[in-house]
Amino acid sequence: MDNDEFRRHAHDMVDWMAGYLETVSERPVRAQVQPGDITAQLPVAAPDAGEDMSDIMADFEKIVVPGITNWQHPKFFAYFPSNSSPPSVLAEMLVTTMGAQCMLWQTSPAATEMETRMMEWLAKMLGLGDGFEGVIQDSASSATLVAILVGREKATNWAANEEGLKAVQPLAVYASAEAHSSIEKDVMVAGLGRKALRKIAVDQNLSLVPAELEAAIEADIAAGIKPAVVVACLGTTGTGAVDPLRAIGEICRRHDIYLHVDAAWAGTALLLEEQRAMIDGIEHADSFVFNPHKWMFTNFDCSAHFIRDSEALVKTLSILPAYLQSRETGSVIDYRDWSVPLGRRFRALKLWFVIRSMGVDGMKDILRNQIKWAEDLEATIAAEPEAELLVPRSLTLLTFRWKPAGMTDDAELDAFNEKLVHAVNDDGRLYLTQTHTSGHYAIRFVIGQTNTTSEDVTSAWADLKEIAGNI
Ligand SMILES: *Cc1c(COP(=O)(O)O)cnc(C)c1O
């Protein structure tokens, strides 16, 4: 494809992009396809001759678009949002065009220095206090893996890296029973073994119980096992529970244990001064992660990972073969030493575009509105005789179940609610997902897509009621 053709197609595609965003609310939210539907439309082998972009684009519309779940649909209330915004998309277009590899300062100086500065902006925007340095990871899962690796190395004085785990005392990692599955996976990947993860009991708010954490730590120490890492979660994925950070932090300091904070979703709410009670005790944290790619208007992938001791991080992950040395090695940041993969995308540009274009105040307005709509919905649910809140609202996450008049049997209610979630998502007007909490099948309703309006929330509730009535 020559540059003139590229220019023509690129203009057409920008028109497609704007049109998609204009009409996405007319599409079903969750893709209405069956497993194999897409595969059946894709040739079993690659074409030998190049094809016209117009043919490729026609197939994209015909095959791909119907097979996509529309995360930017204003009635997407499932999982957590993976929201986007026009300035983020524009930045990604530029990044992809330059196709820069940002592993070393030298391979993209602007990307490195922008990344450092954006992480400084974010630390201030969230009120994280002084003393953190930052790196953008591809995901919270990766940030937590890195945290566990650093904690592992600190606990073994870097012997695990040198000799392998066979040469060191057994280690343990602690997180609440409600913590994200990525923590268990990261413990496995770090070679500690799944059983090294202690799932600490939670209270009636589903928050970790500090006394249980300390008891588990002491039991491990007595058994000759070394506590290496505690992961505190601010905003669990199931129900949005918040662990008591200060109490956990004090335990970690008493026992000299690495403390990582997973605020993947809820961290964005820290832009709002009135939400900062959850980071009381942050001075005890060794690292903190949140995902601008969830709720902060920035396309996946963009996970903000703050670290207190970058020297320990680099010592854990740095390897310097001759072909990666540069004149600047040692005097600049080479972010390849801050994450597991060597190659890195230029992820800071979209943050720069989003933050400048929306302004911190613009983002705060949207978040405050969404939290207000969640409060309104909480009141609606409380007033609805056929619905029952199962967990107090957390920011914009509501966890409830439908309770048809006269239905009291728990198993019957579970089956009804599961049916309801499937019926809602097959209907396509909105998208919801489920969790299990205190033994019940529960429906999660999360507000957070960039373009959602209060009317979208109220009409979604009306849709849900109508669909429930038809079951
Ligand atoms: C979404 C989520 C994760 C995983 O985030 P990725 O960026 O997809 O790895 C981890 N922890 C919590 C609490 C989450 O909500």
Side-chain angles (χ1 to χ4, degrees), residues 69 71 76-84 88 119 122 126 134-149 173-190 197 199-200 202 205-208 229-245 248 259-270 275 278-279 285 287-306 338-341 344-345 347 350-351 391 394-399 431 433-437 442 444-449:
T69 291
W71 286 70
F76 184 103
F77 302 111
Y79 303 99
F80 281 137
S82 187
N83 68 16
S84 168
S88 173
M119 292 301 290
L122 285 176
L126 269 57
V135 55
I136 306 178
Q137 307 281 9
D138 57 3
S139 63
S141 307
S142 293
T144 300
L145 172 62
V146 167
I148 290 173
L149 294 174
V173 176
Y174 308 79
S176 99
E178 294 283 316
H180 192 263
S181 56
S182 59
I183 295 162
E184 185 164 337
K185 191 176 189 176
D186 291 336
V187 169
M188 286 160 50
V189 174
L197 177 62
K199 296 183 178 173
I200 307 301
V202 294
N205 295 322
L206 305 174
S207 310
L208 180 145
V229 179
V230 173
V231 182
C233 189
L234 308 180
T236 58
T237 311
T239 65
V242 173
D243 289 337
L245 185 57
I248 294 171
L259 174 57
H260 175 66
V261 179
D262 175 5
W265 163 67
T268 295
L270 296 172
Q275 301 295 343
M278 67 177 145
I279 47 164
S287 51
F288 174 98
V289 64
F290 92 103
N291 285 347
H293 71 226
K294 272 187 170 149
W295 196 11
M296 214 192 85
F297 318 108
T298 308
N299 281 70
F300 189 85
D301 52 350
C302 185
S303 205
H305 181 194
F306 297 92
W338 296 51
S339 50
V340 175
R344 327 181 66 246
R345 295 180 357 93
R347 301 190 186 97
K350 55 193 167 189
L351 274 175
V391 179
S394 171
L395 299 167
T396 59
L397 166 58
L398 291 143
T399 308
Y431 186 19
T433 45
Q434 74 291 331
T435 188
H436 279 94
T437 186
R444 294 167 74 266
F445 192 116
V446 190
I447 301 170
Q449 202 283 322

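The residues of the chain are indexed from 1 along the displayed sequence. When a ligand or atom number is given, it counts from 1 through the structure's own listing order. The figures that follow rest on heavy atoms only: side chains count, while hydrogens, waters and symmetry mates do not.
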**Q** If the criterion is any heavy atom closer than 4.0 Å to an atom of ligand 1, which residues make the list?
**A** Phe80, Ser139, Ala140, Ser141, His180, Ser182, Cys233, Gly235, Thr237, Asp262, Ala264, Asn291, His293, Lys294
**Q** Please check: side-chain N/O of Arg444 versus main-chain N/O of Gly238, any donor-acceptor pairing under 3.5 Å?
**A** yes
**Q** Please determine which of Arg344, Lys294, Arg347 meets the salt bridge (Lys or Arg N to Asp or Glu O under 4.0 Å) test together with Asp301.
**A** Arg347
**Q** Does atom CZ of Phe300 have more than 12 heavy-atom neighbours, drawn from other residues, nucleotides or ligands, at distances under 6.0 Å?
**A** yes
**Q** Taking salt bridge (Lys or Arg N to Asp or Glu O under 4.0 Å) as the test, write out the residues that go with Lys185, two or more places apart.
**A** none
**Q** Please check: side-chain N/O of Thr433 versus main-chain N/O of Ala78, any donor-acceptor pairing under 3.5 Å?
**A** no
**Q** Go through the steps for Leu122 and Phe306 under the test side chain to side chain contact (heavy atoms under 4.5 Å, CB included), then give the verdict.
**A** CA-CA 10 Å; Leu122 285 176; Phe306 297 92; 3.8 Å; yes
